Amino acid sequence: MLIKTVFSGFGGQGVLSMGFTMANAAMLEGRYVTYLPSYGVEVRGGTANCTVVVSDEEIASPVASEPEFVVAMNQPSFVRFQSILQSGGLLCVNSSLVNTSSARGDIEILAVPTSELAEKLGQIKVANMVMLGAFIKASNIVSFDFLVEHLAEILGEGKSKLIKLNRDALELGYNFIKE
Amino acid sequence: MKKIYTRPASLKEAHFHYCPGCGHGIINRLIAEVIDEMGLRGKAICVAPAGCGMLVYNYFDIDTLESAHGRGAAVATGIKRVRPDNLVFSYQGDGDLAAIGTAEGFHAANRGELITVIFVNNGVYGMTGGQMAPTTLKEQITTTTPSGRNPVSAGHPVRVCEVFSVLDGTSYLERVAVNSPSGIKKTKKAIAKAFQHQINRTGFSLVEILSPCPTNWKMSPIESFRWIDEVMTKQFPLGVIKEVKC
Amino acid sequence: MKRLMSGNAALGEAAILSGCTCYFGYPITPQNELTEYMAKRMPESGGVFIQSESEIAAINMVLGASVAGARAMTSSSSPGMSLKQEGISYLAADELPAVIVNMVRGGPGMGNISPAQSDYLQATRGGGHGDYRTIVLAPSSVQELVDIVPLAFDLADAYRNPVIILGDGMLGQMMEPVDFSDIKKPKDYPKDYILTGAENRPSRMVRSLLFDTKEEEEHNWKLYRKFQRIEANEVRCETFMTDDAEIVVVAYGIAARIAKGAIKRLRQENIKAGLLRPITLWPFPSKNIVELARYVNDFFVFEMSTGQMIEDVKLALSGRGHVNFYGRPGGVIPTPIELARIVSRHYYQTQKVKRQ
Ligand SMILES: Cc1ncc(C[n+]2csc(CCOP(=O)(O)OP(=O)(O)O)c2C)c(N)n1
């Protein structure tokens, strides 16, 4: 099994840390993983994206030609990345910002109002973690329980004060998705 | 019988290749004498330039590296950072330090690298046949300024010590000349002082030495010694340009 | 324990573990993470870090540190590598070890900051002036990057020659799990040439100026013999699914990763494709290619350039087999699907020709 996901949005929406968090969790689970950030100038201000490949065997290419999953946090990245999604793939959109009326007919759309949900926690900054929680529920790429259990290790030193907030955000997103 | 004059131990048994009346030979000898007198022969590492001073490694009996044209200060930086207890100095001409190697010299000075630059200012590119150097005087004739250096198109003579003096990393900058016995004595003192600044880790030190080049100046040695006093020092005043307490 | 790290940062850590005590660098994307990593880690590990005023200064600082006996490294990306060539030529002439990293980006000129492989010829032909070669290592994953760094320092010391690690923007910036536990303490290389001050020994000089043409010629032949020894002993390459291959893709670095993905797809289509991946670009695995040519007729060179390594493949084959090419220059990242389509189309076209 080899799963490719593109996380995309504005620079500053935390899309790179979304991808990094999932990649780190997958690595700690003992899987093969590559994380490819988008380049330099794109990161500053404009759109940012990263590709995470998770696999049970060695990964040949870190480039996602036809990813199985796309997470789009804003309208431009929705437009840009829905076109490369595999037929039958899943597109998670931040419905607080993205209008999906132009979506392709052969893909599945999962709308998550991340801004509204994050505001419930009083912290719009963790909208990315809300989305990640929802995405993990929908995609099942890594174990949610494993992620929550190892959150301190995954987020790394320097984020120790933010563990509770991040966990709440992940859980909020996770529980937002019905079975 | 008392010996009053001998070859310094830091000089090899070799004949200088320099032209008659050239200042490089005097300067080489002064450096060797200072190294001997300060007991630094086992510690000194010299970085030689591209230029007339390039063959100093044939004369100095100390560890020596020849660098690419203008890169002496960067190479010396690398050596000194690895061997902070050695005495590391670069030997550079005016083309080497003030044209092609401006960035390397300027930034080593600005970082306050604990190295010494022996800067030989002879107003021309000696080795390549007397072309204009950054230090060539206004109206001075060289092979690439056949009707005299015109500042409008060729710029002005660069005063390296003064430029470096505003950099906070520099601790000792002196301009001297080797065109007279008293000038030679002062030059030797200046070299020793610059080395002392390095040893005391006060900062970057540089001695600018006005040095005759009779061949390319198209003068006799005597004329060129006089020319330094009468013309060159008007643009390049002698003396300590900067000295931080050491 | 594995850590998820970018190629640039992992390279820095591997260098420190390999005994590198001096790093000199000048900012340029896409290798800044390495300079920034070294700025933090070098002082922690008791080493030297300088952000130099230019790439020219950086390579000369490396030269100084190397002649003083230290393991020294600098890194840059394409435009900066052009500036380093002067220093690399002097390092080769002076026979001084050094490791130089190039995270290649699209060019020529300013180009862009996307990954490319357009500096192959510059790296493998010496790059600067004069008759010399540099050893060129081209890893294709972050872990291999980590494994290759101690090798780079060892080869530099063993042969007293500059070694270039040729990566690209993608390898530098992508993250993969890495493990540093295989890096051993560097062994001691006797260094009787370094400058330490002539204390209780004759003075030494290190120079490249040899006015006497006979002496310079002798020096050139001496270097040449060293390069021949390197060619005989240090070739490294990887093959993948070549045992029954009818068509062999030749690709290095990140392009080889993409090619592996393509080959897996081609195999699903029952096209017997394999991969030869040079790890040392100089010395080039010519013999390994010739060996394959005994039963493979079709070679497909794949590069993120308009075709540079293809010259070495053709030289190796000297007329044997067919050499085809697919390249994407300018910082474009091709995909495995794209390459698979190209190779597959070529395969069916040549099958058709054979049937006719
Ligand atoms: C990159 C490079 N460009 C040019 C030269 C040729 N070159 C050798 S010495 C020299 C000028 C030296 O002049 P200066 O530094 O004033 O020293 P002088 O010979 O006058 O003592 C030049 C241009 C070189 N060696 N390297």
Side-chain angles (χ1 to χ4, degrees), chain B residues 9-12 17 35 39-51 54-88 90 100-111 113 115 127, chain C residues 20-24 26 42 47-74 83-91 93-94 96 98 128-129 191 193-211:
Chain B
S10 297
L11 275 190
K12 290 178 186 162
H17 71 285
I35 290 174
L40 294 169
R41 207 182 82 79
K43 284 212 177 311
I45 300 177
C46 170
V47 178
M54 149 181 260
L55 296 178
V56 288
Y57 49 70
N58 286 343
Y59 312 133
F60 286 149
D61 198 6
I62 59 171
D63 278 8
T64 309
L65 167 87
E66 160 221 285
S67 84
H69 192 20
R71 317 298 175 219
V75 174
T77 296
I79 297 175
K80 183 71 181 187
R81 292 287 187 117
V82 175
R83 306 206 161 269
D85 296 331
N86 282 80
L87 176 90
V88 182
S90 69
I100 194 168
T102 310
E104 289 79 6
F106 183 93
H107 286 282
N110 189 47
R111 284 191 303 268
E113 293 295 342
I115 59 171
M127 180 168 219
Chain C
C20 171
T21 55
C22 294
Y23 172 88
F24 310 101
Y26 186 85
M42 264 302 177
V48 176
F49 168 87
I50 298 179
Q51 176 175 329
S52 63
E53 58 274 21
S54 70
E55 290 85 350
I56 299 175
I59 191 75
N60 281 285
M61 290 174 187
V62 164
L63 192 146
S66 177
V67 86
R71 280 194 155 180
M73 180 169 94
T74 181
L83 292 184
K84 288 190 195 295
Q85 296 305 328
E86 175 194 72
I88 296 172
S89 169
Y90 277 77
L91 283 161
D94 291 344
L96 292 173
H129 63 284
K191 294 188 170 179
Y193 57 90
I194 60 172
L195 305 187
T196 57
E199 189 87 72
N200 304 320
R201 61 156 172 78
S203 60
R204 293 173 181 160
M205 58 171 149
V206 176
R207 57 169 183 163
S208 61
L209 175 77
L210 298 166
F211 268 131

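Quick caveat: nothing in here was measured; it's all calculated off a predicted structure. Below, read A as the first sequence line, B as the second, and so on, with proteins coming before strands; counting in each chain starts at 1.
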For B:D63, side-chain hydrogen bond (donor to acceptor under 3.5 Å, both in side chains) partners two or more places apart: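 Expected list: C:R201.
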Contacting region of [X] [heavy-atom separation from chain C under 4.5 Å]:
X: B:A68; result: both
X: B:N86; result: side chain
X: B:S67; result: backbone
X: B:L87; result: neither

Listed once per pair and sorted, the salt bridge (charged side-chain N to carboxylate O under 4.0 Å, His left out) pairs that draw on residues 65-74 of chain C, sequence neighbours left out: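 Every pair satisfying salt bridge (charged side-chain N to carboxylate O under 4.0 Å, His left out) with a residue in residues 65-74 of chain C: C:R71-C:D154, C:R71-C:D157.
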B:R71 bridged to B:E104 by N-O distance under 4.0 Å: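 Judged by the 4.0 Å cut-off on N to carboxylate O distance, B:R71 and B:E104 do form a salt bridge.
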Chain B interface, residue from C:T196, C:N200, C:V48 that has the most non-hydrogen pairs under 4.5 Å: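 Winner by heavy-atom pair count: C:T196.
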Top contributor to chain B interface from C:I56, C:V62, C:L209 [non-hydrogen pairs under 4.5 Å]: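 Result: the option with the highest number of such pairs is C:L209.
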Test item: B:N58 and B:H17 side chains (from C-beta on) under 4.5 Å apart, heavy atoms: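 No; the side chains remain at least 4.5 Å from each other.
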Heavy-atom side-chain proximity of B:R41 to B:F60 below 4.5 angstrom: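 B:R41 does not reach B:F60 side chain to side chain.
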Mutual orientation of the aromatic rings belonging to C:F49 and C:Y23 [parallel < 30°, tilted 30-60°, perpendicular > 60°]: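 Judged by the thresholds at 30° and 60°, the geometry between C:F49 and C:Y23 is parallel.
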Among B:R81, B:K80, B:E113, the one residue meeting side chain to side chain contact (heavy atoms under 4.5 Å, CB included) with B:V88: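 For B:V88, the side chain to side chain contact (heavy atoms under 4.5 Å, CB included) check succeeds only for B:K80.
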Answer with side chain, backbone, both or neither: which region of [X] has an atom nearer than 4.5 Å to a non-hydrogen atom of chain B?
X: C:Y193; value: neither
X: C:I59; value: neither
X: C:S89; value: neither
X: C:D94; value: side chain

Heavy-atom pair count under 4.5 Å with chain C, highest-scoring of B:L65, B:L40, B:V47: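 Top count of heavy-atom pairs under 4.5 Å with chain C: B:L65.
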Test item: B:E66 side-chain N/O and C:S208 main-chain N/O as donor-acceptor pair under 3.5 Å: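 Yes, B:E66 side chain to C:S208 backbone: donor-acceptor pair under 3.5 Å.
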